[in-house]
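The sequence lines fix the lettering, A, B, ..., with proteins before strands; numbering per chain opens at 1.
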Amino acid sequence: MKKISKKQRLADVNRNLQLRKVIRSTKTLQKCRKSRKKNRKSTNRFNWKMFNNWIDQLIDSNSINITKLKKNRLVLFLPKVMNFSDQYEATTLHINVIRKITSTTHINAYKLVSVRFNDLLECSTSASLVLTAEISRWDDNIRNQLIPDIESWNENILKQFCELGFFELFKNQPKIEEEPINSALSTVKYIKSHEHDVDKTIVLKHAIQKIVGEKISKWTFLYTGLSEAITNVVQHAYPKNTKTADNERYWYLTASFNKSNSLLKIAFYDQGIGIPRALPSSTKWEKILSYLSKFPIGERKFHKHLLKAAVEVGRTQTDKSDRGKGLSDMLQFTKQRKDGYLSIMSLKALYKYSISNGKSKDKAVSFALELPGTLIIWCIKLQNI
Amino acid sequence: MKYIDIGEDYTNTPAGRFYKDKNNKKGSGEEFRETMLLPALSSLDTGEKLTVIIDNNVEGYGSSFLSEGFAGVVKYGHMDSHELLEKLIIQYTDPDFEFFKNRILEYIKNSSFASEQYQSTKTSING
């Protein structure tokens, strides 16, 4: 074998290194092409025609008030009243429209460019929290480009959303003149936090004391319920196998006090997968319901059944005997105060526990429309005000 | 007699089951058990008792914290429920905290000895 010269050896090494670079870049190119193909496939899977048809149907049936602009751009007008008690369908529909349109990136699908508050005259604490959360999510998705326009807002609604801290969401905040408005409702500035943050409950406690002007008796049990609600969000609401980005794993919290009827409301909302979807079906009956949940009516019943099981018997995702007590912890504050209610809304189901003059009752209800997350409301009457 | 004053020695906002449930990894039931309760229990002399003060400047307790913090001692096989209940005295002055005392005792009684193997969640988030 012929011994190669130093010069030859160096040339060989250089050629080899060059070759490796070429191979590496070809492999990366191939990987890029594959992932682009995958992305294209997944975008293709989204049926934008069906989606646009759904919006058109809602407009035609007057279920929502939307103005169409050029290039598939939409302006959504909120209804006069938004709450989850007697306006559940309309409120949830508008929340869903905002969520669905703002989650779609397909070039041919409708795009939301504005949500108008002009017609809104009444909005419950929980509805305003959910609305704030959905608009915050939208604003985060488009890199904080939303600009609020407060012209022709109802003054009570403006005050309510101002107190709620709604305008602090935006980079471009409007100038709001602080005029005293006689409204019986005082709202606590909403708290938006990342899933692991539990200590924010103390911020809420001080804010409630400020608007109510006294210590809340049995606060210990409200803290217990809130800390378990947050722990549930951490452990179950945003599973690792879902596509939720880290910056979307938030929960939202607020409270309000109505001087005219002495009602204190605390609302907690997360945009996770929902309690019924976080639970496994274990009994035979649940497995049947799970099968039937492929159909709309079956799904409603399934969600209702699982939510009730989660609160009453501590059904849990993990199936471990020492788990699943969190939702029943949430009942304690209402039970200890002996006057008020707790309502848990998740996807297509509602569980409500109420107590008055020592008599308690509970109910579970199912809906046709789904709330895109979980909303927990504690409502109590403060006697000494 | 040895003492643990949760509000004074540990945190006034106990919450969450595991280290990973809190962003600062502090105040969870798992941390309480591993850093406060187990060392205190193992330092007891024969016949000595451990008093845990639960209501001094403490906001409240969720089930996750109580079950992991107290019943976890039994679940992970450090001692059986009978032995743990013998050694523990749960102390409070605020009547609201009777509810939490009862829960602690209930969770310990219902926990099955060495039913799970302990794996720390301390390093499962943010390294």
Should the heavy atoms of other residues, nucleotides or ligands under 6.0 Å from [atom1] of [X] be counted, would the total exceed 12?
X: B:Lys49; atom1: NZ; value: yes
X: A:Lys338; atom1: NZ; value: no
X: A:Lys189; atom1: NZ; value: no
X: B:Lys2; atom1: NZ; value: yes

Return yes if some donor-acceptor pair links the side-chain N/O of A:Tyr223 with the main-chain N/O of B:Val58 below 3.5 Å, else return no. no
Between A:Asp329 (side chain) and B:Gly62 (backbone), is there a donor-acceptor pair under 3.5 Å?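 No, because the side chain of A:Asp329 does not come within donor-acceptor range (under 3.5 Å) of the backbone of B:Gly62.
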Do you know which of B:Gly72, B:Pro14, B:Ser111 has the most heavy-atom pairs under 4.5 Å to chain A? B:Pro14
Just by distance, with hydrogens left out, do B:Ser64 and A:Glu228 show a side-chain donor and acceptor under 3.5 Å apart? yes
Kindly state whether the ring of B:Phe99 and the ring of A:Phe221 have centres lying under 6.0 angstrom apart. yes
Measure distances from B:Tyr61 to the heavy atoms of chain A and classify the residue's part below 4.5 Å as side chain, backbone, both or neither. backbone
Side chain, backbone, both or neither: which part of A:Ile202 has an atom under 4.5 Å from a heavy atom of chain B? side chain
Select one option (side chain, backbone, both, neither) describing which atoms of A:Lys205 are under 4.5 Å from chain B's heavy atoms.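 For A:Lys205, the side chain is the part near chain B, not the backbone.
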Compare all side-chain heavy atoms of A:Trp219 with those of B:Asp96 and state whether any distance is below 4.5 angstrom. no
Under a 4.5 Å cut-off applied to non-hydrogen side-chain atoms, are B:Glu59 and A:Thr220 in contact? no
Worked verdict on B:Phe100 versus A:Thr224 for side-chain contact (heavy atoms from CB on, under 4.5 Å): CA-CA 10 Å; B:Phe100 299 108; A:Thr224 298; 3.3 Å; yes
